[in-house]
4 protein chains.
Amino acid sequence: MRKSEDTKNRIIQSAIKLISQNGYAATTTAQIAKDAGISEATLFKYFKDKENLLHKVVSVALTQILGSVVLSPLKENIEKNKDLKVSEFLRSIINERLEMLDKNIDLFKIVLIEIQYNDSLKNEVIKNMVPKTCEAKGLIERILIRKGNISKEMAKGISRMMIGTLLTFLFQKYILGIETTSDEIKEEIENVLNVIKKSIGEE
Amino acid sequence: MRKSEDTKNRIIQSAIKLISQNGYAATTTAQIAKDAGISEATLFKYFKDKENLLHKVVSVALTQILGSVVLSPLKENIEKNKDLKVSEFLRSIINERLEMLDKNIDLFKIVLIEIQYNDSLKNEVIKNMVPKTCEAKGLIERILIRKGNISKEMAKGISRMMIGTLLTFLFQKYILGIETTSDEIKEEIENVLNVIKKSIGEE
Amino acid sequence: MRKSEDTKNRIIQSAIKLISQNGYAATTTAQIAKDAGISEATLFKYFKDKENLLHKVVSVALTQILGSVVLSPLKENIEKNKDLKVSEFLRSIINERLEMLDKNIDLFKIVLIEIQYNDSLKNEVIKNMVPKTCEAKGLIERILIRKGNISKEMAKGISRMMIGTLLTFLFQKYILGIETTSDEIKEEIENVLNVIKKSIGEE
Amino acid sequence: MRKSEDTKNRIIQSAIKLISQNGYAATTTAQIAKDAGISEATLFKYFKDKENLLHKVVSVALTQILGSVVLSPLKENIEKNKDLKVSEFLRSIINERLEMLDKNIDLFKIVLIEIQYNDSLKNEVIKNMVPKTCEAKGLIERILIRKGNISKEMAKGISRMMIGTLLTFLFQKYILGIETTSDEIKEEIENVLNVIKKSIGEE
DNA sequence: GATGAATGAGGGTTCATTCAT
DNA sequence: TATGAATGAACCCTCATTCAT
């Protein structure tokens, strides 16, 4: 049981590694088995077929991204920093989110790419990802509003900008693969925060 | 000659369609040939191998995205609207860009996904895409600055927000495939523009 | 293990048979697989590609021709007959060599023909074949010299004639495929031996 | 007509060149057409199919080898040198034959290799080559006998040795591709002639 | 007479999957 | 449970050959 569970996990980890590198269609079960240190026959003892393994991989990715890794630290962070100035609150969120992206980029890539080609996967992902993300977004907006002087519409605009900023970095660094120094990143974050600060009259 | 050029184009169009639907690795040359109404043998008369066809597809995509489709209308739009109020100027740009995204989403998807797995493709894309995008970004920033009362840093923050907003829509609609009514989209744009307007004291 | 080795050998034997019949380029992996009673997929589990199989075939051929089959019996024969008269010594060698040719003609043909089109094969063959052949040639020459009254040059001429005689039969029977009765062969051998006998003043 | 005949010859020459380099099965009609500077379609206007072209190539090769190139110079040479000493007569023949081999090795290779795989080709070749070769062999033998003191059997042995010597060089230089200096060749020829000289008591 | 364009048939090769052990 | 051995189906690609122009 222990051993069995362990083998299964090794297969999944190998699949994550290889699929994120080469894509699902270009990753062979032979590669995965070899990387996991087992035979192909064994792989098919654990997973009915390749598609089944992909679903498991995505499911694991979703769990990790949404459940333990993504939202908990975000909520923690939000809670911990909710008494800061708005700009500092937002900065801490962005930085924490960037770190999280960095740690989970393989999983993100797999999920984002493979749902393009697989509707059942897409539905599964949407069903899990959207409400959780909206929840987090709402949480941030409520805090912004509570901090005073910020209308609901402004809060929505600001939270959307935060998402946009994160996506821009995701795009730049992980999709296009452009090397960016952490100084450059900091500067760009400050530029965005500047606009927001001005808009809410902070300082 | 006429005929030959036509066949070649049909192959490329079929490839674009199928690769954007299923990904490069999962698209077979047989599918492409069938869709183009020719034999596989003919396909390989026009393209040395499958990889070669992918490069041609990406090259066409880049040309179309960057050259005629992406930048020209953007510059035209910028030129035409540079005398509007800042918020109206930005709104017109976003709307025009959203339309452009909609028209070229297949090409975008192919390029963005396939460069994950193909370094020579990635280099080609980066070399072409980055400078042109920076150019457009710079153009917008200069106009913002010239319109008065906006610092260079603010302009940078704002242009980055514009990109972030576009990427958010790209992500939401085309990656996650979430249906969004145009009213919802408009509302969200207004929320973002609102923040920007506030930040530059417009009105 | 047993089974696996067996399958591999069956593939090689089928390859030898078919390549010697039709040549490497005209022999398909499908034919080989069918002849070996396995699927093509299995063939490619045992040999990386068709070229690899050819190399194995040639390697087997070389081993068989040079190692166990060619030189050992020759040396044995030389040893056994070194006390005969020169003409009888040479006759026994020629006859033994002709038998050997007959048994291994398929392997010879493959090696001799395929090295025309494949440099790496040619190098491999040369490296193995030339020294061993020179060794055998040298052995014969030393015995001839030791038998008295034969100069080094004469010995070289005679050994060369032996090779020439063998090649003539190879050419006649196996290249041109001309049927020759064993009486005709014997007669021709005697004619050549006659010349040699005269030249060394035997009898 | 002139032009047409010319094109046909260019095709044949290209075929000879390429088939001798790569073998019939591995030579494509596309390669031949390209080398001949024409389109593949044109090639098939001149030759019903690829096999047909091979037959024409072999036929040309045979004509050239046997008719004009091979036997005429040999007969000429025999006639011219029939009054020399036996050893000198044989030396001149060998040298002339070696030169001829060198000039026509491409044709020889094609013929010798392709008849292994094609019975109709083999029959054609045998029918033409054997009688002519026997004729030349007989001619030489008659001259040897006429020169005195050489029995019919000795003459046969000697002529066979000549063929063997030539085949040895053919084998060494053109099949195995072993580089040999002309000095080495001369020495080996002398060794063989030495034996013959001794056998007929020359000098 | 020459060729650009096209292709059916087949070649080598890979892949996910099965099954006896 | 784990795997060595095997494979049908499909993949990318090539080839000799045809035909309208």
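None of the values given here were measured: they were computed from a predicted structure. Residue numbering restarts at 1 for every chain, and letters A, B, ... go by the order of the sequence lines.
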Can you work out whether B/T42 or C/E51 has the more 5'-proximal nearest nucleotide on DNA chain E? B/T42
Closest non-hydrogen contact found for A/L18 with A/T27 is O-OG1, 3.3 Å
Does D/K34 NZ have over 12 foreign heavy atoms under 6.0 Å away? no
Under the criterion side-chain contact (heavy atoms from CB on, under 4.5 Å), which of B/I16, B/L62, B/L107 is the partner of B/V57? B/I16
Sequence neighbours left out, what passes side-chain contact (heavy atoms from CB on, under 4.5 Å) with A/E51? Give chain and number order. A/Y24, A/D49, A/H55, A/N118
Residues touching DNA chain F, which here means a heavy atom under 4.0 Å, drawn from residues 114-121 of chain A: none
Provide, to the nearest angstrom, the distance between the NZ atom belonging to A/K50 and the C1' atom belonging to E/dC15. 8 Å
Spacing between B/N52 atom CG and F/dC12 atom C1', to the nearest angstrom: 13 Å
Within residues 8-38 of chain B: residues closer than 4.0 Å to DNA chain E (heavy atoms): B/I38
Using the test side-chain contact (heavy atoms from CB on, under 4.5 Å), find all partners of C/A41 that sit at least two apart in sequence or belong to another chain. C/S39
Side-chain N,O (D/Y46) to OP1/OP2 (E/dA2) below 4.0 Å: yes
Short heteroatom pairs, N/O only, protein and nucleotides 19-21 of chain E, under 3.5 Å:
none

Just to confirm, is there a sub-4.0 Å distance from OP1 or OP2 of E/dA5 to any side-chain nitrogen or oxygen of B/S4? yes
Would you mind reading off the distance between B/E40 atom CD and F/dC13 atom C1', rounded to a whole angstrom? 8 Å
Map every base of DNA chain F to its dot-bracket character, where paired means a Watson-Crick or G-U wobble contact with both distances under 3.5 Å and | marks a partner outside the strand. .||||||||||||||||||||
Please confirm whether the backbone N or O of B/I38 pairs with a side-chain atom of B/T42, one donor and one acceptor, at under 3.5 Å? no
Atom CZ of A/F47 and atom P of E/dC15 are separated, to the nearest Å, by 20 Å
